[in-house]
Number of protein chains: 2
Amino acid sequence: MSEKTTIYDIAKELNITAATVSRALNNNPKISHSTRKLVLETANRMNYKQNRLALALRSGKSNNVGVIVPRINTNFFASVIRGIEEGLHPEGYQVIICQTHEDENREIENINTLLNAQVDGILMSISNLPKENNHYIERVIQKNIPLIFFDRKKEMENVSSVTIDDYQASYQTTQHLINQGCDKIAYFSGDRSLEIYEDRYRGYEQALLDNNIPINEDYIITIKSNVTEGRDAVEKLLALENPPNAIFSTSDFAALGAIQKLKERGIKIPEDFCVFGFGNEPFTKFMELTISSIDQSPLEMGKMAAQVFLDKINNRKSENKVVLLPKLLIRQSSTRIPQV
Amino acid sequence: MSEKTTIYDIAKELNITAATVSRALNNNPKISHSTRKLVLETANRMNYKQNRLALALRSGKSNNVGVIVPRINTNFFASVIRGIEEGLHPEGYQVIICQTHEDENREIENINTLLNAQVDGILMSISNLPKENNHYIERVIQKNIPLIFFDRKKEMENVSSVTIDDYQASYQTTQHLINQGCDKIAYFSGDRSLEIYEDRYRGYEQALLDNNIPINEDYIITIKSNVTEGRDAVEKLLALENPPNAIFSTSDFAALGAIQKLKERGIKIPEDFCVFGFGNEPFTKFMELTISSIDQSPLEMGKMAAQVFLDKINNRKSENKVVLLPKLLIRQSSTRIPQV
DNA sequence: TTGTAGGCGTTATCAC
DNA sequence: GTGATAACGCCTACAA
């Protein structure tokens, strides 16, 4: 049945007190070897399991950590979460996952739910740049609960973060496209009110400037991360008087949409047109024409975020900004056959 | 700071008792309108948040539900989880996710962790068929904690499940391939000690029998769900004296690997060879040659599993087996151009 | 309608 | 070394 044995049951069984049982179970030094052994044995025999809720209530720590992401069903976030779990599970933490679906209200809701659930820390990738009011985010810090941003961060005091060097990723990619002979490089941007997208944009811009290529505003399109938007964006670009000959998309999904549409128009990739994605979604390497992309090391990012959390909760560090290096994966969609 | 306001603080503030505050907060009918209003206002003013741990300790319910899956980073499981969350979140439940990585020990560990964390229910897709000892699974039932299987289930008393009709999916797919003119259909199976894979196999077998096509053991290969295994399996098949002219793969990833290898060998799909996958992973429709597959309605499955859990915990039903209908998505990889 | 008191399962602080 | 007690924050008979 469902009777749960408590330390009181064990105490009664042994004619000792619950306090002693507790001490024995927790390896308290002030306890005789004999009683400890006895307690451990009966605990085992009676199938005792510690009630973590009681422990949590008493200690004020739940051993739960909250993770907030825009969505769970992309390879990137799923892998980051996996990394977080791998880092935290061995330390006895359970991970609670919430999705915002890029909705600011959901984000606020999620934070409240997690605080409500007394999590010991929150690891999140923000969805929207909260307008002026960071109020709900600051509440986390005021409660002295470690907050760690990963990937999509916001610059705040007392908040750690784990990101990749988006600027570098973008700069190098743009340079690579230029090296491939592309001089008219369109750019699919995400919402630039988010730091990662602003950083990526700056990398693109700087690479062009450094190569004396003028910025063409017509080439810069803000999109959402899906196939359809990529297709639509290409239509706009091809309708221009002076269409581009490359696209750097900050979304693999949009890059895929772009490639589909370009092919439909009979444009040859990479000969006539290069395309570069971002995120290294699995499908990018599955295509017949493999899609160049940028790997963000999500597993590593997750593990790192877990480590930063552990450091923080153990007071080893109060703040910590970790920046990982992006990896350019140059595949067919941006590799022109070497001309002899 | 980190001072948390409790109902005692509110009580003191208003010179009433904590019990009254609790009643006011919980909409207990025996309370005057005026005090309730007062309590609600001060609670709000003092930024009171209920401590769910205390509540959980007292009520014995944590409002947490555990979900166990083989892995989180496939579209299928990620989407099921999303469905579960959408069904449970409005009811005030938080979802805790664990991965087994198809490892039986991890599975046992996860169940223990969840029980330990006092979850109110467990929703799981089993990884391995526990040999003879369902011991650790039965512990869940003995504790009177609702257990719901989704997708990968095991027939057990008192355990609900939400699955798709794998037999039908498989039967219809095989029939479809036969209708396309394929008479030598190879089959990539998963571990048949799991019910879903056994059901799928039976569907395949029966369809062949019903069409008077003999079963060829050489055509039946057990694989793991990844690209490499698909490639390797095709090599074996093509080395046969009498190679097949179609593959039904119970994994989209293996189907992809198969297609890659077939193309490398210059075999034309679907003209010379048809391929059908299972799971409707996003990439199947992204390919230049779109891959036929079976949609398992993961979102719906998750929502359904959530509903079954809610029914169970509210004692509306003690057991419930829900079977969803699979959807065949017939795409290019199995559609022969109609011959005139 | 409100107050009192006890308990959910632990552990820390005193005592002895 | 071990026992008694209080406290974590909440809810709910029971009493008033």
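All figures in this text were calculated on a predicted structure; none of them were measured in a lab. Residue numbers start from 1 in every chain, and the chains themselves are labelled A, B, ... in the order their sequence lines are given, proteins ahead of strands.
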Output yes when a side-chain donor or acceptor of [X] lies under 3.5 Å from a complementary backbone atom of [Y], and no otherwise.
X        : Y        : result
B:Ser62  : B:Gln118 : yes
A:Ser32  : A:Thr35  : yes
B:Ser125 : B:Arg152 : yes
B:Gln99  : B:Ile72  : yes
A:Asn26  : A:Asn28  : no

Under 4.0 Å, heavy atoms only, any strand: does [X] hit a base, just the sugar-phosphate, or nothing?
X       : answer
A:Asn26 : sugar-phosphate
A:Leu55 : sugar-phosphate
A:Lys49 : sugar-phosphate
A:Ser22 : base
A:Leu53 : nothing
B:Ser59 : nothing

Note to self: Can you tell me which nucleotide in D:dC14, C:dG9, C:dT11 comes closest to the side chain of A:Ala54?
What the structure shows: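 Side chain of A:Ala54 sits closest to C:dG9.
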Notebook entry, point to check: When you measure from the side chain of B:Asn51, which nucleotide among D:dG3, C:dG3, D:dC10 comes out closest?
Noted result: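 From the listed options, D:dC10 comes nearest.
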Spacing of [X] atom [atom1] relative to [N] atom [atom2], expressed in whole Å:
X       : N      : atom1 : atom2 : result
B:Tyr8  : C:dT4  : OH    : P     : 11 Å
B:Ile31 : D:dC11 : CD1   : P     : 12 Å
A:Asn28 : D:dG1  : CG    : P     : 10 Å
B:Leu38 : C:dT1  : CG    : P     : 16 Å
B:Lys12 : D:dC10 : NZ    : P     : 13 Å
B:Leu25 : D:dG9  : CG    : P     : 15 Å
B:Ile7  : D:dT12 : CD1   : P     : 11 Å
B:Lys61 : D:dC10 : NZ    : C1'   : 16 Å

Item checked: Most 5' of B:Lys30 and A:Arg23 on DNA chain C, judged by nearest nucleotide ->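 Its nearest nucleotide being more 5', the pick is B:Lys30.
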Check: Where each residue is assigned the nucleotide of DNA chain D containing its nearest heavy atom, which of B:Leu57 and B:Thr20 is assigned the position nearer the 5′ end?
Finding: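 It is B:Leu57, whose closest nucleotide lies nearer the 5' terminus.
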Margin query: So, under a plain 3.5 Å distance rule, would you say the side chain of A:Arg58 forms a donor-acceptor pair with the base of D:dC8?
Written below: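 Side chain to base: no pair below 3.5 Å.
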Phosphate OP1/OP2 of [N]: any [X] side-chain N/O under 4.0 Å:
X       : N      : value
B:Gln50 : D:dC11 : yes
A:Thr17 : D:dA4  : yes
A:Thr6  : C:dC8  : no

Note to self: Go through it in stages, so that I can follow the logic: the residues are B:Phe309 and B:Ile84, the test is side-chain contact (heavy atoms from CB on, under 4.5 Å), and I'd like the CA-CA distance, side-chain angles, deciding distance and then a yes or no.
What the structure shows: CA-CA 10 Å; B:Phe309 162 76; B:Ile84 291 175; over 6 Å; no
